[in-house]
Amino acid sequence: MSAKYGNIGHVLLIDVVRVSEAVTRTSARLGKVGHLAELLGRVGADEAEIAISYLSGELPQRQVGVGWRTLQDPPPAKLAATATLTHVDALLSKIKAVSGQGSQAARKALVTELFAGLTSQEQAFMLRLLSGELRQGALDGVMIEAIAKASGAPSADVRRALTLRGWLPAVGAAALTGGVAALHAFKLEVGRAVSPMLAGSAPNVAAALEKAGTPAALEWKLDGVRVQAHRSGDQVRVFTRTLDDITAQVPELVEAVLGLASDDLVLDGEVIALRPDGRPHPFQVTASRVTTKTGAPRLREDTPLSVFFFDALRVDGADLLDLPYAQRQEVLAQTVMPGLLTPRLITGEVPEAEQYFIDVIKAGHEGLVVKSLTSPYAAGRRGAGWIKVKPRHTLDLVVLAAEWGHGRREGKLSNLHLGARDPESGGFVMLGKTFKGLTDELLAWQTERFLELAEGSTDEWTVSLRPELVVEIAFDGVQRSPRYPGGMALRFARVLRYRPDKRAADADTVETVRSLML
DNA sequence: TTCCGACAGTGGGGTCGCAAT
DNA sequence: ATTGCGACCCCACTATCGGAA
C-alpha cells in the first residue's frame, strides 16, 4: 500500500494540516477516524511515521527543546505551501541536535528557518504541535482505529502491538506496509520499554472490589515513581511510565535487579524514598532523587531509594503478559525476594479490605490498588483490571481570584485561586488553584457570579474577586510549597460544590491546613 | 432504547538541567 | 547566583461518542 506511488517525499505538510483541521471540525469519532485513515492510505513508507506522529499530537523526536517561549514572534509566513513532511522532520531533528549542544541562539535560528518556510496555516499547526497542544480531538486512541482502518488489520492487533512496542508511529508504519502479519511480528523485547498498564479509580474500597470482582488482590499504593526494569545478562535498563530511561538515576534498583537469580527479566514496580523508620518521604523527595543526575553518591546516602515490584512481564525468556494476574504473581514471588515485593492482601471480604485500607494509610502510604486476579497485563486501557483507591480530604476555602479558560472553556472563568482564612491578619492565604470538578452548568454559573464579585485584574488572564464565595474543595494532601506565601499547597485539589450557606468568615483556617501537613 | 467504557481536553504543584542574565 | 524555559514526575475530573446490553 505504501509503495503505491513509488516516490519519496510526496506528501506535503499542508496535506497533514488540512486533515488535522478536518478532524478538528468533525465531532464524531468515526468521522475523525475516516479523515485520518484516508491520509494514511496515501502516505509513503518514509512518511508514515511522521504523519502518524504529527496527527496524534507528538513528534517523532519526542522533544526538541522548543516550547511556547521559543515560538513567540514567528517570522513572516510564506504564501505557497511547499514544505514536505520529510523536510520538516529533518529540520526538527536538526533543532533537537542543536538543543542537545547548547546555544539557544542557534536553536532559535533553526526554528526561524523552519517557520519562515511555512504558510500561516502551517505555522499555526506547527505551533500547536510543538507546544503539545494540538487539540484536534484525536490522540493515540483515535489513531489506533485509523491505522486499523487504513491497514485492514483489527484494532485489537494494533493495540497489542503498541503495548509491546511502546511507540504508535512505528506500529502504524508496520501495519500500513505489512498488515496483520507485521503487527504479529512485534514481540516483547528486553531492553525496549513496554507501554505500562494503568489503573482506573474508585471512591472507596467496596466500589473498587465490585469493579475488580472478588476475591481481588489489594496492593499497597506507594507514592513514588513507576518503574519498568529490564535485565538481559548483566545489562539493566529502567524506564518511567512515559518510557523515559532513568537507569542512571536509580543505582539501587539496578543493583537489586542484578541481585536476582534470573538474568532475563522485565519487571513492573515503584521506587520510593523511605525514611529510616520505613515511613515514606513526601513525594517531592522521591521525585528529586529520580531526576537528579549529578552528585548521586551523597544523595544516595542521605535519601536511599527502595524498590517494590508488583508485576512480572517476562522471566527467564517466558513472556507472561497474557497470563492472568494470579499466575504472574506466582512467577514474581519465585523470582524476587519477599523484601522487594509490594505488600498485598487477597480477599473478597469488604470489611477486611476496608481495615487493610485503614492500615496502609496509617503506615503513611497513599492507598491501595485493587487488582482482578484474572486480568492479563493490558497496557494503555485504564480501568479494566486495576482500580486505585485513595482517601479524600476536604476543606471549605474562599475563592480569591479566577482565570479565563482556554479551548472549550474560552469565555468562561475557569481556574480558581483558593485561599484559607488567616484569623491573625484577617485576610486569606492562597493555597493553590483548581479547575477540576466543574460541570458546564457550574462553569457558566461561576463566571456570572465572579463578574459580580470582580474587583480588578492582576493580569491579562486573572480577575481578582472580593473574597466572599466559599467552595468545598477535595484534595489528596497538603505539601510544602516554595511558591505560595503560606509555604503550603494542596495536592490534586478539585471542586466538590459551592457553599452558598457559608460566609468567608466560616471558611477553614491556615492553622487547620497546617495541621494536615505532616 | 438506555447504559456504560474509553477517550480527549483542561489544566494543577514540584523538581531538575541548562543557558542566559 | 538567579531567573526563565523545557521536560517530566505525580495527577482528577467532565463531556462525548458509540458499542454493549
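Not measured: the values here are computed from a predicted model.
When heavy atoms are screened at a 4.0 angstrom cut-off, A:A493 is found touching no nucleic acid atom at all. At the heavy-atom level, A:K390 lies under 4.0 Å from the strands shown only through sugar-phosphate atoms. A:V225 comes within 4.0 angstrom of sugar-phosphate atoms only, judged by non-hydrogen atoms across all strands, and of no base. Heavy atoms of A:K221 sit under 4.0 angstrom from primed sugar atoms or phosphate atoms, though from no base atom. Nucleic acid contact class of A:E133 (heavy atoms, under 4.0 Å, all strands): none. Here A:V66 lies in heavy-atom contact (under 4.0 Å) with sugar-phosphate atoms only. Contacts of A:S27 with the nucleic acid, taken as non-hydrogen atoms under 4.0 Å apart, involve only primed sugar atoms and P, OP1 or OP2. Across all strands shown, A:A474 has no heavy atoms under 4.0 Å from either base or sugar-phosphate atoms. In this structure, A:A489 reaches the sugar-phosphate backbone alone: every heavy-atom distance under 4.0 Å involves primed, P, OP1 or OP2 atoms, never a base. Heavy atoms of A:R29 sit under 4.0 angstrom from at least one base atom. At a threshold of 4.0 angstrom between heavy atoms, the contacts of A:V64 are confined to the sugar-phosphate backbone, with no base atom among them. Within 4.0 Å of A:D223, counting heavy atoms only, lies no atom of the nucleic acid at all.
At the phosphate of B:dG12, neither OP1 nor OP2 sits under 4.0 Å from any side-chain N or O atom of A:R494. Phosphate proximity of C:dG6 to A:T70: present, with a side-chain N or O under 4.0 Å from OP1 or OP2. When the side-chain nitrogen and oxygen atoms of A:S288 are compared with OP1 and OP2 of B:dC16, one or more of them lie within a distance under 4.0 Å. The phosphate of C:dC5 (OP1 or OP2) has no side-chain N or O of A:W68 nearer than 4.0 angstrom. Phosphate contact (OP1/OP2 of C:dC5, side-chain N/O of A:Q104, threshold under 4.0 Å): absent. Remark: A:T292 is not in phosphate contact with B:dT15, judged by side-chain N or O atoms under 4.0 Å from OP1 or OP2. In this structure, A:T240 reaches the C:dC9 phosphate: one of its side-chain N or O atoms is under 4.0 Å from OP1 or OP2. Between B:dG12 and A:N415, a contact under 4.0 Å exists linking OP1 or OP2 to a side-chain N or O. When the side-chain nitrogen and oxygen atoms of A:S414 are compared with OP1 and OP2 of B:dG11, one or more of them lie within a distance under 4.0 Å. In terms of phosphate contacts, A:H406 brings a side-chain nitrogen or oxygen within less than 4.0 Å of OP1 or OP2 of B:dG11. For A:R135, a side-chain nitrogen or oxygen approaches OP1 or OP2 of B:dT10 to under 4.0 Å. Side-chain nitrogen and oxygen atoms of A:R483 include at least one within less than 4.0 Å of the OP1 or OP2 phosphate oxygen of B:dG14.
Here B:dG11 presents its P atom at 12 Å from NE2 of A:H417, a figure rounded to the nearest Å. As rounded to whole Å, 12 Å separates atom C1' of B:dG13 from atom CG of A:L431. Look at CZ on A:R62: it is 10 Å from C1' on C:dA7, rounded to the nearest Å. For A:F475 and C:dA12, the CZ to C1' distance is 14 Å, given to the nearest whole Å. We find that CG of A:L55 is positioned 18 Å from P of B:dC7, with the value rounded to whole Å. Rounded to a whole Å, the OH atom of A:Y484 is 7 Å from the P atom of B:dG14. What separates CG of A:L130 from C1' of C:dC5 is a distance of 15 Å, to the nearest Å. The distance from atom CD of A:Q249 to atom P of C:dC8 is 12 Å, rounded to the nearest whole Å.
In the interface, the side chain of A:R69 is not paired with the base of C:dC5 through any donor and acceptor atom under 3.5 Å apart.
Nearest-nucleotide positions on DNA chain B for A:F492 and A:G137 put A:G137 closer to the 5' end. Each of A:F435 and A:L243 has a nearest nucleotide on DNA chain C; the 5'-most of these lies closest to A:L243. Each of A:R408 and A:M430 has a nearest nucleotide on DNA chain B; the 5'-most of these lies closest to A:R408.
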Practice task
Could you please spell out the steps behind the side chain to side chain contact (heavy atoms under 4.5 Å, CB included) verdict for A:F310 and A:L341?
Solution key: CA-CA 6 Å; A:F310 50 70; A:L341 289 172; over 6 Å; no
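Ring geometry for A:H365 versus A:W220: interplanar angle of 30 to 60°, hence tilted. Aromatic ring pairs are classed by plane angle as parallel below 30°, tilted from 30° to 60° and perpendicular above 60°; the pair A:Y54 and A:F125 is tilted.
Between A:R289 and A:E252 there is a salt bridge, with a side-chain nitrogen of the basic residue lying less than 4.0 Å from a carboxylate oxygen of the acidic one.
Within a 6.0 Å radius of CD in A:Q284, other residues, nucleotides and ligands contribute more than 12 heavy atoms. Around the NZ atom of A:K94, the shell of radius 6.0 Å holds no more than 12 heavy atoms that belong to other residues, nucleotides or ligands.
Across the strands present, C:dC10 finds its partner in B:dG12; the criterion is a Watson-Crick or G-U wobble pair with both atom distances under 3.5 angstrom.
Put simply, the side chain of A:T24 does not reach to within 4.5 Å of the side chain of A:R135, judged on heavy atoms.
Nearest to the side-chain atoms of A:V142 among the listed nucleotides C:dC9, B:dA8, B:dG11 stands B:dA8. For A:K293, the side-chain atoms get nearest to B:dG17 when compared with the rest of C:dA7, B:dT10, B:dG17. Ranking B:dA8, C:dA15, B:dT15 by closeness to the A:T439 side chain, first place goes to C:dA15. Across C:dC8, B:dG14, C:dC11, the shortest atom-to-atom separation from the side chain of A:K436 is found for C:dC11. Closest approach to the A:K388 side chain among C:dC8, C:dA12, B:dG11 is made by C:dA12 (side chain taken as heavy atoms from C-beta onward).
Taking the ring centre of A:F357 as origin, the terminal cationic atom of A:K390 falls outside the region bounded by 6.0 Å and 45° from the ring axis.
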